Number of protein chains: 2
Amino acid sequence: MPEGDGQTSARTAASPRTPDADATDAGGNGNRNEGGTNGSQANGAQANGSAIEVPAARERARSIPEAAVARLAVYLRALSSLAEQDITTVSSEELATAAGVNSAKLRKDLSYIGSYGTRGVGYEVEVLIGQIERTLGLTRKHSVAVVGIGNLGHALANYGGFPGRGFPVSALFDLDEDLVGVPVGGIPVSHIDDIVDVCSQREVTIGVIATPTQGAQEVCDRLVAGGVTCILNFAPIVLQVPEHVEVRKVDLAVEMQILSFHVARRQQEAVASGESGQVDGAGPPGGGAGLPGEIDSANRMVERL
Amino acid sequence: MPEGDGQTSARTAASPRTPDADATDAGGNGNRNEGGTNGSQANGAQANGSAIEVPAARERARSIPEAAVARLAVYLRALSSLAEQDITTVSSEELATAAGVNSAKLRKDLSYIGSYGTRGVGYEVEVLIGQIERTLGLTRKHSVAVVGIGNLGHALANYGGFPGRGFPVSALFDLDEDLVGVPVGGIPVSHIDDIVDVCSQREVTIGVIATPTQGAQEVCDRLVAGGVTCILNFAPIVLQVPEHVEVRKVDLAVEMQILSFHVARRQQEAVASGESGQVDGAGPPGGGAGLPGEIDSANRMVERL
DNA sequence: AATTGTGAACCGATTCACAGCT
DNA sequence: AGCTGTGAATCGGTTCACAATT
């Protein structure tokens, strides 16, 4: 994580001076949270005792740092893997290692969703899975629509049911008349003009935009008009959305460029120290390959991933 | 995002451990400045005139916050777009809007790479493009290898030259014998056993892992052995790498789950306030669709995206 | 008059370190 | 004896606000 993650979106909205959020994932991210920092506390203290259903659920849910939410998803994966191996209990240390974070962070993250561990022992895998799933809203299905059935859209549509169940793909859209009606991954492609109707009919909650840059904003507007409140955007553009809509952005170009930056930095450091300059280990290509060449501007962009 | 995530791994451990405990200097917030603003100044003034190569480059490059690096890539895109429209000058306000951030953040970010604006006027588009490209190391080509030619790998390989030039895909790998030798996007697929050789021969600097979870760590190890120091990982696993290797992770499942969380949160809020509960606007599906159904554990995972 | 560049305040997120429970 | 849960300290990044500069 390192974070960065991540990616993330952006919000801009009309509202009165919105700070805008965004993040990027790169890990880090920022988001706007607002409200007060209610300093943690409170709920932790509540006399837990018996299992109360729908406890102070909303109280709790609020105020989980966005960064922690992303990690909860990672913990969930690690936990599922443990469950498959019939492991019933884990310590924060073990789980943290599996998830690639340190144990203090893990415990803090888990504390945001409640106290489900046993001191001196650890956490029960199944219990934790249940609690995280509940917190992330995974106890309900979220219909997904994919717009733009190019290479990427195809890839996304092609495994029925997104990232492991819970996210059934229930609609596909493209501009291309030749594609309309053709089933991809079992679902026939609809025309982009029908986004509003189809999405509201099929109760789509998450829209995935895998179109070229040009069409993206238009598609986004239609998804929103169709009642979609969450968007995962692969197009390299900052989408404009009303504030009740959540956007997450995955930008391949940005990811590559961040990596490029690190290569450059490392090379510089090497030069800086060795001065006479040869990078260590695997080092720099030096020889044949590239050099300037007037980078054709790293952004004619993705186009139809 | 996605800090989210994203994630950055290798981190320089340079720092000494912790300062720690007792010696707390109470309250003295004497800020440590350090890194950040390295003297700034100076160079701005230099009689630029001629193009000076490698100025105080290394000094500058160090210490750019990771989050800022990600945003520089976004600014670059916006700038390229402006350049295409033959716009030669922008103010921080305009550029910030185009990039979806606020102007103070943008100026601060740009200040990390130097002073290339003109007070009272703004920034020259071409100059800024050049500086950002240099900072991100885009003045050099970075050969890319894609491992795992499933749906996603296909999509990635299929537009020759990754995200807009500068990132030529120069090697493809898969386990499947039937795929080996078949050209995809113009490049013949090699066998996964040849990763080390091919990567070092073709001087691959960035490896993209688009394999199922199982193979990912093994593939990663080979890429590293082949001299690859940057990895973009689409497999839902925390890769183990030596510290000089930089990993960025793109995790679709996590992205979806974060969105799911926001849906859940919104619904809760709606219930919390309206109590009798109907969400506003586009609102909740309410009717027919999903409900629990024993989420088959949101993580049997991606597998061969 | 306009707009950059940046110190300093602010704020959220991470880490420490230990009290509290089993 | 062990491990969780969490206040408190620290860190890093964002925002403010204004002096500097054209």
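Computed from a prediction, not measured in an experiment: that's the story for all the values here.
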- Query: Looking at B:Tyr112, does any N or O in its side chain come under 4.0 Å of the phosphate oxygens OP1/OP2 on D:dT14?
  - Reply: no
- What is the distance from atom OG of B:Ser260 to atom CZ of B:Arg265, rounded to the nearest 0.5 Å? 11.5 Å
- Query: Of the nucleotides D:dT6, C:dA13, C:dG5, which has the atom closest to the B:Ser115 side chain?
  - Reply: C:dG5
- Rounded to whole Å, NZ of B:Lys108 lies from C1' of D:dA17 at a distance of 12 Å
- Query: Quick one: CG on A:Leu136 to CG on A:Leu138, what's the gap to the nearest 0.5 Å?
  - Reply: 5.0 Å
- Expressed in angstrom and rounded to an integer, what is the separation of B:Leu106 atom CG from D:dT15 atom P? 12 Å
- Query: For the pair made of NZ in A:Lys105 and P in C:dA17, what is the distance, rounded to whole Å?
  - Reply: 17 Å
- What is the distance from CD1 of A:Ile64 to P of C:dA13, rounded to the nearest Å? 12 Å
- Salt bridge flag under 4.0 Å for residues B:Glu66 and B:Arg248: yes
- Item | side-chain N/O A:Arg107 vs C:dC18 OP1/OP2, d < 4.0 Å | no
- Query: Which residue lies toward the 5' end of DNA chain C, A:Val121 or A:Asp109, if each is placed at its nearest nucleotide?
  - Reply: A:Asp109
- When the distance from OH of A:Tyr116 to C1' of C:dT22 is rounded to whole Å, what number comes out? 19 Å
- Message: Just N and O in the side chain of B:Ser92: are any of them under 4.0 Å from OP1 or OP2 of C:dT4?
- Response: yes
- Query: Between A:Ala104 and B:Gly122, which is nearer to the 5' end of DNA chain C once each is assigned its nearest nucleotide?
  - Reply: B:Gly122
- Side chains of B:Gln257 and A:His142: do they bring a donor and an acceptor to under 3.5 Å? no
- Phosphate oxygens OP1/OP2 of D:dT15: is one of them under 4.0 Å from a side-chain N or O of B:Asn102? yes
- Message: Just the rounded figure in Å: distance from P of C:dT4 to CG of B:Leu110.
- Response: 9 Å
- Query: For B:Tyr123 and C:dG5, is the shortest distance between a side-chain N/O and OP1 or OP2 below 4.0 Å?
  - Reply: yes
- Interatomic distance, B:Glu66 CD vs D:dT14 P [rounded to whole Å]: 11 Å
- D:dG13, C:dA8, C:dA19: which one has an atom nearest the side-chain heavy atoms of A:Arg119? C:dA19
- Taking it one step at a time, do B:Glu93 and B:Ser103 satisfy side chain to side chain donor-acceptor pair (under 3.5 Å)? CA-CA 5 Å; B:Glu93 195 63 45; B:Ser103 65; 3.2 Å; yes
- Nearest to the side chain of B:Arg71, which nucleotide is it out of D:dT14, D:dT22, C:dT4? D:dT14
- Between C:dA2 (C1') and B:Glu93 (CD): distance, integer Å: 12 Å
